[in-house]
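Quick note: numbers below take in every heavy atom, side chains included, and nothing from hydrogens, waters or symmetry partners. As the structure is a computational prediction, the values presented were derived from the model and not from experiment. Order of the sequence lines fixes the chain letters, A, B, ..., with proteins taken first and strands second; residue numbering starts at 1 for each chain.
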Number of protein chains: 2
Amino acid sequence: MISGKFAITIHILTLLTKYPNDYLSSEYIAGSINLNPVLVRKEIANLKAHHIVESKEGKNGGTKLAVDPTNLTLKEIFEMTFETINLGYAKNQPNPDCPVGKKINQNLAALYADMNQKVSLQLEGISLEDFSNQF
Amino acid sequence: MISGKFAITIHILTLLTKYPNDYLSSEYIAGSINLNPVLVRKEIANLKAHHIVESKEGKNGGTKLAVDPTNLTLKEIFEMTFETINLGYAKNQPNPDCPVGKKINQNLAALYADMNQKVSLQLEGISLEDFSNQF
DNA sequence: TACATTTGTAACATATTTTATTACAGTATG
DNA sequence: CATACTGTAATAAAATATGTTACAAATGTA
């Protein structure tokens with residue numbers, strides 16, 4: 001659910017990193033992303049479940065970072081919002097009576113696993129702080 | 001169009017590699033992938049446009065490889081079926097009056113470009129022949 | 001206390017993308 | 001000339017993503 005999940009989440013976190021002392025409202029954040037506030041709150045719910053942010057209900061409420069952005073890497077954000085990288089699978093179960101059909105998904109999975117390792121290595125090297133400093 | 005494009009295409013090419021002397025029909029290939037034959041023909045059309053396969057119309061027609069599978073890498077297949085790897089962008093244009101909104105897509109694009117390079121390097125090292133030999 | 005503002009969440013609606021189906025013209029084979 | 005294919009367009013259905021409305025609950029403040 002939500003395919004721009006990673007992009008949206010990193011946008012939220014970048015804003016929170018820029019204003020580490022304020023509780024930002026979902027409405028404000030939504031204005032920067034140009035997205036419905038409810039969807040912002042949904043992504044924030046995910047971040048809360050991972051204890052990356054904390055939020056305060058009621059008037060003047062909102063959300064703020066709960067971790068040090070120098071310690072959070074893009075890899076962790078990736079894993080919270082995107083199971084794995086892959087180039088997809090065919091939708092239907094392939095024919096198990098065909099030698100290729102029988103093993104295709106397994107072989108693709110192995111390929112994709114390698115891919116993830118490479119990508120993870122890259123993302124592990126970038127902290128939220130690093131990313132935010134580009135703005 | 002077609003998100004399982006890479007998976008489907010590589011499935012097709014693996015079959016063609018296994019039977020290098022036969023013209024395989026879209027119906028036969030579709031049976032292994034468990035996919036509608038029209039969709040198989042569409043992917044084959046793409047492969048033909050890249051001169052990877054050739055096909056013969058009419059009775060006993062079908063498709064066969066037009067290249068040496070030791071010379072075709074998964075990177076090339078990836079590029080024919082998947083523009084680039086990325087973790088997505090938010091759907092709407094972000095707010096250009098916000099410093100984060102203004103640069104988010106550009107910064108994500110740079111991140112994704114690095115990712116593609118890593119993935120390309122991996123895929124470049126695997127030939128269609130290598131992949132097919134796993135079956 | 002009463003009011004305004006904000007989160008949290010569910011339910012529903014719309015839009016977009018993917019996959020499937022039908023149909024049929026054109027081409028080769030026997 | 002009947003049969004079995006490709007090629008392709010048009011349309012339908014299904015799946016996924018995004019957007020909207022609504023409202024209870026929480027919290028600050030007049």
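- Between the C1' atom of D:dA14 and the NZ atom of A:Lys91 lies a distance of 6 Å, rounded to the nearest Å.
- The 5' end of DNA chain D is approached more closely, in terms of each residue's nearest nucleotide, by B:Thr63 than by the other of B:Asn92 and B:Thr63.
- Checking D:dT29, D:dG19, C:dG8 against every side-chain atom of A:Glu57, the shortest atom distance belongs to C:dG8.
- If you check C:dA20, D:dG19, D:dA9 against the side chain of B:Val38, the one that comes closest is D:dA9.
- Straight-line distance from the CG atom of A:Asp22 to the P atom of D:dG28: 16 Å, rounded to whole Å.
- For D:dT21, neither phosphate oxygen OP1 nor OP2 lies less than 4.0 angstrom from any side-chain nitrogen or oxygen of A:Asn36.
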Would you tabulate the side-chain donor-acceptor contacts of residues 103-114 of chain A under 3.5 Å, counting partners in other chains and residues two or more places apart, or write 'none'?
residue	atom	partner	partner atom	Å
A:Lys103	NZ	B:Gln134	O	3.0
A:Tyr112	OH	A:Gly88	O	2.7

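- Linking ILVMFWY side-chain heavy atoms closer than 4.5 Å, directly or via other members, places A:Val67 and A:Tyr23 in two distinct hydrophobic clusters.
- No more than 12 heavy atoms of other residues, nucleotides or ligands shown are found within 6.0 angstrom of CD on A:Glu27.
- Inter-axis angle, ends of the helix from C:dT1-D:dA30 to C:dG30-D:dC1, five pairs per end, rounded to 10 degrees: 0°.
- Within the structure, every pair that satisfies the side-chain hydrogen bond (donor to acceptor under 3.5 Å, both in side chains) test and touches residues 60-70 of chain A, not counting sequence neighbours, is listed here: A:Asp68-A:Thr70.
- With rounding to whole Å, A:Leu39 atom CG is found 18 Å from D:dT16 atom P.
- With rounding to whole Å, A:Glu27 atom CD is found 10 Å from C:dT5 atom C1'.
- Of the candidates C:dT7, D:dT6, D:dT29, the closest approach to any side-chain atom of B:Ser25 belongs to D:dT6.
- With rounding to whole Å, B:Leu35 atom CG is found 14 Å from D:dA14 atom C1'.
- What separates CZ of B:Arg41 from C1' of C:dC24 is a distance of 11 Å, to the nearest Å.
- B:Ser26 comes within 4.0 angstrom of sugar-phosphate atoms only, judged by non-hydrogen atoms across all strands, and of no base.
- Not one side-chain nitrogen or oxygen of A:Ser55 sits closer than 4.0 Å to the OP1 or OP2 atom of C:dT6.
- Comment: B:Glu54 does not engage B:Lys48 in a salt bridge, judged by the lack of any side-chain N to carboxylate O separation of less than 4.0 angstrom.
- Grouping the Ile, Leu, Val, Met, Phe, Trp and Tyr side chains by contacts below 4.5 angstrom, directly or via other members, places B:Leu13 with B:Tyr19.
- The nearest pair of heavy atoms linking A:Pro94 to A:Gly101 is CG-O, 3.3 Å.
- If you measure from atom NZ of A:Lys42 to atom P of C:dG8, you get 13 Å, rounded to the nearest angstrom.
- When rounded to the nearest whole Å, the span between CG of A:Leu47 and C1' of C:dG8 equals 15 Å.
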